[in-house]
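Below is one structure, written out as structure tokens; comments come after it.
These values consider heavy atoms only, across backbone and side chains, with no hydrogens, waters or symmetry-generated copies.
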Amino acid sequence: MRDGFADADHDGGRRPFLLVQGMSAYTESGVIGYPSHATAEKGKGILDSLTSGVAAHLSILGEAAEGCGSHLRPVGD
């Protein structure tokens, strides 16, 4: 954990408009949560989960892109 974050825990309370207002509406430090509970193992687990989730979405998008335009014929045929 980066220096200074061990005691930066901040619950932030309810955040019903987080996606609209962003984190600055709920925290001055940029921290929402409990960095004091962080470990390298937890961080790796989160990154692995995000990576596999994004990979699955990209795979579906790739399949959709391959099918785009497949019903079109070249001009002149």
*Of all heavy-atom pairs between G30 and T27, which one has the smallest distance, and what is that distance?*
N-OG1, 3.3 Å
_Ignoring hydrogens, what is the shortest heavy-atom contact between S24 and Q21? Give both atom names and the distance._
OG-O, 4.0 Å
*Heavy-atom side-chain proximity of H10 to Y26 below 4.5 angstrom*: no
*Pairwise side-chain contact, K42 with H37, heavy-atom cut-off 4.5 Å (strictly under)*: yes
Donor-acceptor pairs are to be reported for all side-chain atoms of residues 46-56 against protein atoms at under 3.5 Å, with residues two or more places apart or in another chain.
unit_1, atom_1, unit_2, atom_2, d
D48, OD2, K44, NZ, 2.8
T51, OG1, L47, O, 2.7
S52, OG, D48, O, 3.4
S52, OG, S49, O, 3.1

*Linking I/L/V/M/F/W/Y whenever their side-chain heavy atoms sit closer than 4.5 Å, directly or via other members, would F17 and I32 fall into one cluster?*
yes
*With distance as the sole test, does D11 use its side chain to make a donor-acceptor pair with the main-chain N or O of G33 at under 3.5 Å?*
no
*With sequence neighbours excluded, what pairs up with S59 under the side chain to side chain contact (heavy atoms under 4.5 Å, CB included) test?*
E63
